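Encoded as structure tokens, the structure appears first; notes follow it.
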2 protein chains.
Amino acid sequence: MDFATHLTSNNIKPSLQRIKIFEYLYENRDHPTVETIYSDLVGAIPTLSKTTVYNTLKIFIDNGITHTVTIEDNEVRYDAIMEEHAHFKCNDCGNVFDVEIDVSGLNFKEIKSFKVEKTNIYLKGKCNKCLNKIN
Amino acid sequence: MDFATHLTSNNIKPSLQRIKIFEYLYENRDHPTVETIYSDLVGAIPTLSKTTVYNTLKIFIDNGITHTVTIEDNEVRYDAIMEEHAHFKCNDCGNVFDVEIDVSGLNFKEIKSFKVEKTNIYLKGKCNKCLNKIN
DNA sequence: TATAAAATTGTAATGATTACAAATTTAGAT
DNA sequence: ATCTAAATTTGTAATCATTACAATTTTATA
């Protein structure tokens, strides 16, 4: 994956900040928050500003190469994987995992007259690691 | 539905504010925000404070008679219907509708070792009314 | 009725996000 | 290579939802 090219082909000029932020999102599949992205990247880009992270993510979203993952009321997470998938959040460790999903089995009643454009699914529970942890 | 009894049997002392807020939630199935609840009730309870709405909803949630509906990043909605169901948000009018759903058809891979405690589903698209609207 | 506990309220604090203007960088023309 | 305009980045201040907290009011009980 050539990140600069990916940005360019989605009408986003590939500045250093944009490349690094997208690369970070694409490599770190843990659905980071703005805070995490900023603090993990400010070492490599010392001039980085949190406003830039916000601006950049907004551009990514507007151009369809990133989406938000909304599970908790109080944290917005970001995800650069655009293929349809669900999320699993562990109530113990708080990590969010990707989950492959087959939506075709879903059976909705009463929305025949509605036009569904997007189906969002997230699960909550305990992850493998936390289940096996000794408390 | 006797709201006071419902509160009592869930270990919540049925004050006027609590009864009215729960009643509002139960009757208004449009998943209101704190702002909406407050402004719709302050007429009937002139002394009502927004803090009370927050406090009360927290109590409802802690005692399992209300849950939050998280669809957008920037708005938290509340719902007193605890039976499993999904939500549909219209991208046009912004209304959130309840949707009956059969989760049993869902087919997850790779989470065999995870313990799923709750499955959340929401759809986005256009509702009946907005589809038929002349723009 | 007096007293203690619980509930409600208002105000101030917090924290994430956005607005905005200044500074920096980039791209194109000369 | 240099100049200029446009785009991008940055820092600070403003906004807005939510929470903390202390004071007031209400409720329950002795």
Side-chain angles (χ1 to χ4, degrees), chain A residues 3-5 7-8 10-25 31-63 65-78 94, chain B residues 3-8 10-25 31-63 65-78 94 96:
Chain A
F3 298 112
T5 307
L7 295 181
T8 306
N10 283 281
N11 305 313
I12 300 169
K13 209 173 291 181
S15 69
L16 172 71
Q17 288 86 341
R18 289 170 180 179
I19 292 172
K20 286 294 184 191
I21 291 172
F22 190 82
E23 177 185 16
Y24 181 88
L25 259 190
H31 319 85
T33 61
V34 164
E35 190 56 40
T36 309
I37 298 168
Y38 172 77
S39 54
D40 283 357
L41 285 181
V42 73
I45 313 170
T47 63
L48 186 63
S49 143
K50 211 174 282 183
T51 302
T52 300
V53 179
Y54 278 106
N55 289 343
T56 303
L57 290 170
K58 184 170 179 355
I59 292 172
F60 289 174
I61 291 169
D62 290 348
N63 289 77
I65 62 170
T66 294
H67 64 108
T68 56
V69 179
T70 309
I71 297 180
E72 303 296 340
D73 305 341
N74 56 348
E75 60 174 23
V76 181
R77 292 163 169 268
Y78 295 85
Chain B
F3 298 112
T5 306
H6 184 60
L7 295 181
T8 305
N10 283 280
N11 305 312
I12 300 167
K13 208 173 292 181
S15 69
L16 172 69
Q17 288 85 341
R18 290 170 179 177
I19 293 171
K20 285 295 183 192
I21 291 172
F22 190 84
E23 178 185 16
Y24 182 88
L25 259 190
H31 318 86
T33 61
V34 165
E35 190 57 41
T36 310
I37 299 169
Y38 172 77
S39 55
D40 282 357
L41 285 180
V42 74
I45 313 170
T47 63
L48 186 64
S49 142
K50 211 174 280 184
T51 302
T52 299
V53 179
Y54 278 106
N55 290 342
T56 303
L57 291 170
K58 184 172 180 355
I59 292 172
F60 289 174
I61 290 168
D62 291 347
N63 290 77
I65 62 170
T66 293
H67 64 109
T68 56
V69 179
T70 308
I71 298 181
E72 303 295 341
D73 306 341
N74 56 347
E75 61 175 22
V76 181
R77 290 163 170 269
Y78 296 84
V96 175

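Just so you know, these numbers come straight off a predicted model, no measurement behind them. Reminder, nothing fancy here: chain letters follow the sequence lines and each chain counts from 1.
- A:T8 and A:T5 are not linked by any side-chain donor-acceptor pair at a separation below 3.5 angstrom, with hydrogens and angles left out of the test.
- Atom NZ in A:K20 sits roughly 14 Å away from atom P in D:dT9 (whole-Å rounding).
- Look at CD1 on B:I59: it is 14 Å from C1' on C:dT9, rounded to the nearest Å.
- Separating the NZ atom of B:K50 from the P atom of D:dT19 is a distance of 13 Å, rounded to the nearest angstrom.
- Checking B:N74, B:T70, B:V69, B:V76 one by one against B:E72, the side-chain contact (heavy atoms from CB on, under 4.5 Å) holds for a single residue, B:N74.
- When rounded to the nearest whole Å, the span between CD1 of B:I45 and C1' of D:dT26 equals 14 Å.
- Closest approach to the B:Y54 side chain among D:dT18, C:dG10, C:dA7 is made by D:dT18 (side chain taken as heavy atoms from C-beta onward).
- When the nearest nucleotides of DNA chain D are assigned to B:E35 and B:K13 by heavy-atom distance, the more 5′-ward of the two goes with B:E35.
- Across the protein-nucleic acid pair, B:I12 atom CD1 and C:dA6 atom P stand 16 Å apart, rounded to whole Å.
- The OH atom of A:Y38 sits 13 Å away from the P atom of C:dA16 (whole-angstrom rounding).
- To the nearest 0.5 Å, atoms CG (A:L25) and CZ (A:F3) are separated by 10.0 Å.
- Between B:V76 and B:N55, the one whose closest nucleotide on DNA chain D sits nearer the 5' end is B:V76.
- B:E72 places its CD atom 16 Å from the C1' atom of D:dA17, with the value rounded to the nearest Å.
- Between the CZ atom in A:R18 and the CG atom in A:N55 there is a gap of 8.5 Å [rounded to 0.5 Å].
- We find that CZ of A:R18 is positioned 14 Å from C1' of D:dT10, with the value rounded to whole Å.
- At a threshold of 4.0 angstrom between heavy atoms, the contacts of B:Q17 are confined to the sugar-phosphate backbone, with no base atom among them.
- Among the heavy atoms of the strands lying under 4.0 Å from A:T52 is at least one base atom, whether or not backbone atoms are also near.
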query: Step by step, would you call B:I71 with B:R77 a side-chain contact (heavy atoms from CB on, under 4.5 Å)?
result: CA-CA 8 Å; B:I71 298 181; B:R77 290 163 170 269; 5.5 Å; no

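- Note on B:T51: every side-chain N or O is 4.0 Å or more away from OP1 and OP2 of C:dT9.
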